[in-house]
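One structure is given here, and the rest of the page talks about it.
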Amino acid sequence: MHKDIDRILFGEDELRTAVAEVGKRISADYAGKNPLLVGILKGSVVFMADLMRAVDCGCSIDFMVAKSYGNAAVSSGNVKILKDLDTDITGRDVIIVEDILDTARTLTAVKNYLLSKSPASVKICALLDKVTAEKAGDAKADYKCFDVGNEFVVGYGLDYAERYRELPYIGVLRHEVYSK
Ligand code: PRP
């Protein structure tokens with residue numbers, strides 16, 4: 001285990017099993033639909049890479065970079081799209097793939113933005129749902145792997161100051177690392 005990690009929350013086997021289960025549900029729900037998986041960079045990359053291989057109904061992928069601003073008032077106006085989709089999503093079934101749903105500000109804004117592009121549907125697939133977080137937006141995970149509490153989690157795509165994304169597990173970062 002990395003020296004900056006206090007404990008492992010979800011190990012490689014648990015992650016593999018949870019992603020396989022979500023992939024199976026998506027495959028059943030989207031049979032014959034060729035959904036577009038939209039990863040929100042950068043936190044979603046590892047989850048996206050595993051999830052797309054667990055979806056066997058056929059799918060396409062695209063990525064966005066979005067930063068959200070503001071607090072209580074959440075609308076498509078609060079998100080700044082730094083990288084937009086390359087794909088025309090008119091009439092498409094879209095699944096947003098995200099590493100963590102925290103305040104839900106980012107995903108609420110991204111979902112509203114995508115809904116304005118006349119897709120057939122937009123759903124959210126989140127690896128983690130921080131259930132203890134105060135939700136500023138109303139976006140909810142239609143598919144998710146795990147609930148987490150208030151711990152500072154890193155690994156499997158999630159970072160602290162752009163570090164630890166490469167860890168193959170999700171761990172709790174030692175307090176002294178981010179309180180320095
Ligand atoms: C994180 C995460 C989500 C967002 C969740 O992204 O990947 O996009 O924050 O927070 P919210 O629910 O409170 O909006 P971050 O801005 O840290 O970028 P990253 O994906 O590049 O790490």
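Just so it is clear, the structure is predicted and the values come from calculations on it, not from any experiment. We count ligands from 1, going down the list as the structure has it; atoms in each ligand are counted the same way.
- F10 places none of its side-chain heavy atoms less than 4.5 Å from the side chain of C145.
- Atom NZ of K144 has more than 12 neighbouring heavy atoms from other residues, nucleotides or ligands inside a 6.0 Å radius.
- Taking the six-membered ring where the residue is Trp, Y160 and Y164 present parallel rings, their angle staying beneath 30° rather than reaching 60°.
- Short contacts between ligand 1 and E98, defined as distances under 4.0 Å to a heavy atom of the residue, involve ligand atoms 3 (C), 7 (O), 8 (O).
- Taking every heavy atom of K42 and a limit of under 4.0 angstrom, the matching atoms of ligand 1 come to 19 (P), 20 (O), 21 (O).
- Of all the atoms in ligand 1, the ones that sit under 4.0 Å from a non-hydrogen atom of A104 are 11 (P), 12 (O), 13 (O).
- Ligand 1 has no N or O atom lying under 3.5 Å from any N or O atom of I40, backbone or side chain.
- Note that CG of L41 and CG of L82 are 10.5 Å apart. Values are rounded to the nearest 0.5 Å.
- Note on ligand 1: R165 sits in its first shell, one or more heavy atoms being nearer than 4.0 Å.
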Could you list the donor-acceptor pairs under 3.5 angstrom formed by side chains in residues 19-27, with sequence neighbours left out?
{"from": "S27", "atom 1": "OG", "to": "G23", "atom 2": "O", "distance (Å)": "2.6"}
{"from": "S27", "atom 1": "OG", "to": "D56", "atom 2": "N", "distance (Å)": "3.0"}
{"from": "S27", "atom 1": "OG", "to": "D56", "atom 2": "OD1", "distance (Å)": "3.2"}

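- Checked by atom type and distance alone, the side chain of T108 pairs as donor or acceptor with a backbone atom of D138 at under 3.5 Å.
- Numbered from 1 in the order shown, with element, the atoms of ligand 1 that lie under 4.0 Å from a heavy atom of I100 read 2 (C), 3 (C), 5 (C).
- Both the backbone and the side chain of T106 come within 4.0 Å of ligand 1, judged by heavy-atom distances.
- Not a single heavy atom of L107 sits less than 4.0 Å from an atom of ligand 1.
- Looking at ligand 1, you won't find any N or O of E162 less than 3.5 Å from one of its N or O atoms.
- Of the possible polar contacts, one joining the D62 side chain to the T87 backbone as a donor-acceptor pair under 3.5 Å is found.
- With ligand atoms numbered from 1 in the order given, ligand 1 contributes 11 (P), 12 (O), 14 (O) to contacts under 4.0 Å with heavy atoms of R105.
- A heavy-atom distance below 4.5 Å is found between the side chains of S60 and R92.
- Contacts with ligand 1 closer than 4.0 Å are made by backbone heavy atoms (N, CA, C, O) of L41 only, the side chain lying farther away.
- Applying the side chain to side chain donor-acceptor pair (under 3.5 Å) criterion to D6, with sequence neighbours excluded, gives no partner residue.
- Against a heavy-atom cut-off of under 4.0 Å, T103 is close to the following atoms of ligand 1: 11 (P), 12 (O), 13 (O), 14 (O).
- By the 3.5 Å distance cut-off applied to N or O atoms, L101 is not counted among the residues near ligand 1.
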